[in-house]
Amino acid sequence: MYTTDDLIKISPHMICHIISLHSFHDIFINHYLKDFGINKNQYYMLMHVFYNESSTQSDIATACLMDRSGVSRAFGELEEKGILTREYTEENKRAYKIDITEKGKELGKFLHDKELEWENEIAHELEMSRGELLTTLERLALKALKFDRQRIDNFKY
């Protein structure tokens, strides 16, 4: 019987490793999310707003690869918890501008610090800085985006 370590070592494709990283990250961060009663999708949306205040629902849906109705439901719950606020934009009365509350900023800071803890530990194993690791991953992601640009631009969320 294979162990998780064995399966990772014999994985023949980059995507297998990316999925493993994503899954292990989710296990790590979910440990903290359950204490705050938020789910993984809400986490990604919260962190987007934490780093990009006054985002629109549409921006967040695009950034998180989610449909706008799913984002709307998730934000309703975050709004009820006092983490985010929504208000109509001046330009479009059907669009919401999303802002983060003080409670949301405290939670975002806590989760940001946990992300740094996880990333620094992963980067340490590679004997490279977190910045070098992020630069490498950014280059890979941008190359994948360039390769799949036509399909991505036509993808409907």
Side-chain angles (χ1 to χ4, degrees), residues 1-68 70-85 98-149 151-152 155 157:
M1 181 164 180
Y2 288 111
T3 67
T4 303
D5 300 50
D6 294 332
L7 292 172
I8 290 171
K9 289 176 185 173
I10 64 172
S11 294
H13 300 287
M14 182 180 4
I15 192 63
C16 298
H17 301 295
I18 292 168
I19 291 168
S20 294
L21 276 170
H22 186 246
S23 297
F24 298 139
H25 170 267
D26 285 352
I27 291 167
F28 172 82
I29 206 68
N30 279 336
H31 173 78
Y32 300 101
L33 297 181
K34 68 181 179 182
D35 294 338
F36 300 102
I38 63 174
N39 65 40
K40 183 176 56 174
N41 288 337
Q42 291 169 330
Y43 163 72
Y44 290 120
M45 292 183 284
L46 165 64
M47 296 312 287
H48 178 83
V49 177
F50 179 74
Y51 296 119
N52 305 282
E53 286 195 54
S54 297
S55 292
T56 65
Q57 245 177 245
S58 186
D59 293 338
I60 295 159
T62 300
C64 296
L65 300 174
M66 297 178 65
D67 63 74
R68 287 182 12 194
V71 169
S72 182
R73 281 189 305 278
F75 274 123
E77 294 173 21
L78 292 172
E79 195 172 29
E80 287 174 15
K81 293 177 193 290
I83 294 171
L84 298 173
T85 62
I98 310 294
D99 283 305
I100 193 164
T101 64
E102 284 305 313
K103 179 180 178 180
K105 287 177 185 177
E106 289 175 21
L107 177 55
K109 172 72 170 108
F110 172 80
L111 293 170
H112 167 81
D113 291 346
K114 290 300 171 190
E115 286 290 355
L116 289 177
E117 177 184 324
W118 191 82
E119 291 171 6
N120 284 327
E121 183 64 27
I122 301 302
H124 174 76
E125 290 297 316
L126 298 174
E127 298 178 359
M128 65 173 39
S129 73
R130 177 181 173 273
E132 291 169 318
L133 176 58
L134 289 176
T135 298
T136 300
L137 293 171
E138 177 185 312
R139 289 178 58 210
L140 289 170
L142 288 171
K143 177 63 178 174
L145 174 62
K146 181 178 178 184
F147 182 74
D148 283 337
R149 172 59 75 182
R151 289 177 217 56
I152 289 168
F155 183 74
Y157 297 102

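Keep in mind the model is a prediction, meaning the values are calculated, not measured.
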- Should the ring pair His25 and Phe28 be called parallel, tilted or perpendicular, given that the plane angle runs from 0 to 90° and is split at 30 and 60? tilted
- How are the rings of His112 and Tyr51 set relative to one another: parallel (under 30°), tilted (30 to 60°) or perpendicular (over 60°)? perpendicular
With rounding to the nearest 0.5 angstrom, report the [atom1] to [atom2] distance, [X] to [Y].
X: His13; Y: Ile18; atom1: NE2; atom2: CD1; result: 12.0 Å
X: Asn52; Y: Ile98; atom1: CG; atom2: CD1; result: 12.5 Å
X: Asp35; Y: Asn30; atom1: CG; atom2: CG; result: 11.0 Å
X: Leu21; Y: Asp26; atom1: CG; atom2: CG; result: 11.0 Å
X: Leu133; Y: Leu126; atom1: CG; atom2: CG; result: 6.0 Å
X: Leu84; Y: Glu77; atom1: CG; atom2: CD; result: 11.5 Å

- Audit row: Phe24, Thr4, side chain to side chain contact (heavy atoms under 4.5 Å, CB included) steps and yes/no: CA-CA 11 Å; Phe24 298 139; Thr4 303; 3.7 Å; yes
- Side chains of Ile10 and Tyr2: does their closest heavy-atom pair fall under 4.5 Å? yes
- List in chain and number order the residues that pass salt bridge (Lys or Arg N to Asp or Glu O under 4.0 Å) with Lys103, two or more places apart in sequence or in another chain; answer none if no residue qualifies. none
- By salt bridge (Lys or Arg N to Asp or Glu O under 4.0 Å), Glu121 pairs with (sequence neighbours left out) none
- Taking all heavy atoms of Tyr44 and all of His22, pick out the closest pair and write down the distance. OH-NE2, 3.5 Å
- Note on the structure: Smallest heavy-atom separation, Leu46 atom then Ile38 atom, equals CD2-CD1, 4.2 Å
Between the main-chain N or O of [Y] and the side-chain N or O of [X], is there a donor-acceptor pair closer than 3.5 Å?
X: Ser11; Y: His17; result: no
X: Gln42; Y: Asn39; result: yes
X: Lys81; Y: Gly37; result: yes

- Task: State whether Glu117 and Lys114 are salt-bridged, where the test is any N-O pair (Lys NZ or Arg NE/NH1/NH2 against Asp/Glu carboxylate O) under 4.0 Å.
- Result: yes
- Note on the structure: Paired with Met47, the side chain to side chain contact (heavy atoms under 4.5 Å, CB included) test is passed by just one of Ile29, Leu107, Leu111, namely Leu111
- Taking atom types as modelled, is there a side-chain donor on Thr3 or Asp6 under 3.5 Å from an acceptor on the other? yes
- Inspect the surroundings of NE2 in His124 and state if more than 12 heavy atoms from other residues, nucleotides or ligands are less than 6.0 Å away. no
